[in-house]
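In the text below, chain A, chain B and the rest are named by the order of the sequence lines, each starting its count at 1.
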Protein chains: 2
Amino acid sequence: MNDAEPIKTPLTLDDGVDFAIIEHLFFAYRDFTADPDAILDEYGFGRAHHRVLHFVNRLPGLTVAELLEVLRITKQSLARVLKQLVDDGYIVQFPGPRDRRQRELYPTQKGRNLALALALPQSRRIRAALEEAQPGDSAAVARFLRAMVNPELRPQMDKLPNGRSK
Amino acid sequence: MNDAEPIKTPLTLDDGVDFAIIEHLFFAYRDFTADPDAILDEYGFGRAHHRVLHFVNRLPGLTVAELLEVLRITKQSLARVLKQLVDDGYIVQFPGPRDRRQRELYPTQKGRNLALALALPQSRRIRAALEEAQPGDSAAVARFLRAMVNPELRPQMDKLPNGRSK
DNA sequence: AAATTAAGTCAATAAGACTGACATAATTTT
DNA sequence: AAAATTATGTCAGTCTTATTGACTTAATTT
């Protein structure tokens, strides 16, 4: 009974859950993605385009299958986004040298420029956040975020250029 | 000319951008949200329901307008989600005592239970990530994440119970 | 020659957001 | 007391990003 009774006390850290970091992550990630979103809007692109463009720039020559694995989306979801980026000249495709069924994806100079422009405000935000921090905090943050990822995915992260450095 | 030329070298940290933390945040946030998403699926709920339920539990008695401000969405977006949570008995509404136009939102016991169940895997993930960390890392991470949020929003974060403690 | 694989495409669906317009009830201002 | 404003709710339509399922084409493997 009393199933519809209102509970008037808030959930707090005393309930054994780290709400502070849970909420900090929510707010931080929201503002973190808002920066590039505003730029993407001017190009008629969305967050999905950003992710594709980012990883093609970080791993030039990766295949469609590899990109799908990193992004963890379906090829139908990728198709629309990738087609636009290719049509608009941000990404070019080449048949794989070994296996010609594969398509190797490379950024053009235009694609490289946009990827950098999108990363810049995010990098600025990170740098500003670390400026208020103590020495060593940067490494602590990188370690923490890496440990937040499922263990089986961490090797994938380490394949990214300089992915291991802090 | 040569606008369609492929660029074969990857973007790296040498380009002056902290790609490591940018990508760490992407992967960490993806796995961080995947935990509750799996639970929500069983209830026929989505991530939007989670956010509403979370903040109603953290700030019991908040009004619809206050909730909209925290979530930064429109009332039409909130409507669908909130209606389901009320209809299914996770949240109850009461007219505001001062201003009867307002609706104060409270969790029921059922809503409290679900909010805790959703927070638990996230809290476990955070605790596990901090266990591999050095002492003091926890505070450094909280400071960093807070500094990643737009300054004008930080007072709002501090209003959450124990929001300031590390 | 047959089976498998990489990629592309077509169609339908869903969640979660949006804008714009309008309704109702309660409060505040004039 | 009447008018204006405010808090909430609702209707209708749109957009982005994702999904599943089915099928095609071309290339490689068995």
Separation between [atom1] of [X] and [atom2] of [Y], rounded to the nearest 0.5 Å:
| X | Y | atom1 | atom2 | value |
| --- | --- | --- | --- | --- |
| B:D31 | A:R154 | CG | CZ | 9.0 Å |
| A:D88 | A:K110 | CG | NZ | 6.0 Å |
| B:L160 | A:E23 | CG | CD | 4.5 Å |

* To do: May I ask you to check whether B:R125 and A:N150 show a side-chain donor-acceptor distance below 3.5 Å?
  => yes

* Asked: Picking from C:dA7, D:dT8, C:dT19, which would you name as closest to the side chain of A:R103?
  -> C:dA7

* Minimum-distance nucleotide to B:V64 side chain [options: C:dT19, C:dA17, D:dG9] -> D:dG9

d([atom1], [X]; [atom2], [N]) in whole Å:
| X | N | atom1 | atom2 | answer |
| --- | --- | --- | --- | --- |
| A:E69 | C:dA7 | CD | P | 12 Å |
| A:I73 | C:dA7 | CD1 | C1' | 14 Å |
| B:L78 | C:dA15 | CG | C1' | 15 Å |
| B:R72 | C:dG16 | CZ | C1' | 17 Å |
| B:L67 | D:dT8 | CG | C1' | 13 Å |
| B:L68 | D:dT8 | CG | C1' | 10 Å |
| B:E66 | D:dT6 | CD | C1' | 14 Å |
| A:E104 | C:dG8 | CD | P | 13 Å |

* Asked: Can a side chain N or O of B:S77 be found less than 4.0 Å away from OP1 or OP2 on C:dG16?
  -> no

* Starting from the C-alpha separation in whole Å, work towards a yes-or-no answer on side chain to side chain contact (heavy atoms under 4.5 Å, CB included) for B:Q156 and B:V70. => CA-CA 8 Å; B:Q156 198 184 52; B:V70 173; 3.9 Å; yes

* For the helix from C:dA1-D:dT30 to C:dT30-D:dA1, what angle lies between the axis at the first five pairs and the axis at the last five pairs, to 10 degrees? -> 20°

I'd like a table of atom pairs between the protein and nucleotides 27-30 of chain D - only N or O on both sides, under 3.5 Å - with the distance next to each one.
unit_1: D:dA27; atom_1: N3; unit_2: A:R101; atom_2: NH1; d: 3.4
unit_1: D:dT28; atom_1: OP1; unit_2: A:R100; atom_2: N; d: 3.2
unit_1: D:dT28; atom_1: OP2; unit_2: A:R100; atom_2: NH2; d: 3.4

* **Heavy-atom pair with the smallest gap, counting every atom of A:T9 and B:R112** => O-NH2, 2.5 Å

* Asked: Where do A:H24 and B:A142 come nearest, in terms of heavy atoms and distance?
  -> CD2-O, 3.4 Å

* To do: Taking the side chain as every heavy atom from C-beta outward, state whether A:Q93 and A:E104 have any atom pair closer than 4.5 Å.
  => no

* Residue pair B:I22 / A:F32, side-chain heavy-atom distance below 4.5 Å -> yes

* **side-chain contact (heavy atoms from CB on, under 4.5 Å) partners for B:Y43, two or more places apart** => B:I39, B:F45, B:Y90, B:L114

List in chain and number order the residues that pass side chain to side chain donor-acceptor pair (under 3.5 Å) with [X], two or more places apart in sequence or in another chain; answer none if no residue qualifies.
| X | answer |
| --- | --- |
| B:D99 | B:R101 |
| A:D15 | none |
| A:R103 | none |
| B:Q102 | none |

When the side chains of residues 71-84 of chain B are checked against the rest of the protein, which donor-acceptor pairs come out under 3.5 Å, sequence neighbours left out?
unit_1: B:T74; atom_1: OG1; unit_2: B:S77; atom_2: N; d: 3.4
unit_1: B:T74; atom_1: OG1; unit_2: B:S77; atom_2: OG; d: 3.1
unit_1: B:K83; atom_1: NZ; unit_2: B:D87; atom_2: OD2; d: 3.0
unit_1: B:Q84; atom_1: OE1; unit_2: B:H49; atom_2: NE2; d: 3.0

Enumerate all atom pairs, one protein N or O and one N or O from nucleotides 9-12 of chain C, separated by less than 3.5 Å.
none

* Please figure out whether B:L82 or A:V81 has its closest DNA chain D nucleotide nearer the 5' end. => B:L82

* Specify the residues of residues 84-93 of chain B, ordered by number, for which at least one heavy atom lies under 4.0 angstrom from an atom of DNA chain C. => none

* Taking the side chain from A:D137 and the backbone from A:Q134, do they hold a donor-acceptor pair closer than 3.5 Å? -> yes

* Structure fact -> The correct set of residues in residues 37-54 of chain A placing a heavy atom under 4.0 Å from DNA chain D is A:G46, A:R47, A:A48, A:H49, A:R51

* Would you list the pairs meeting ring pair (Phe, Tyr, Trp, His ring centres under 6.0 Å) in which at least one residue belongs to residues 109-134 of chain A, sequence neighbours left out? => none

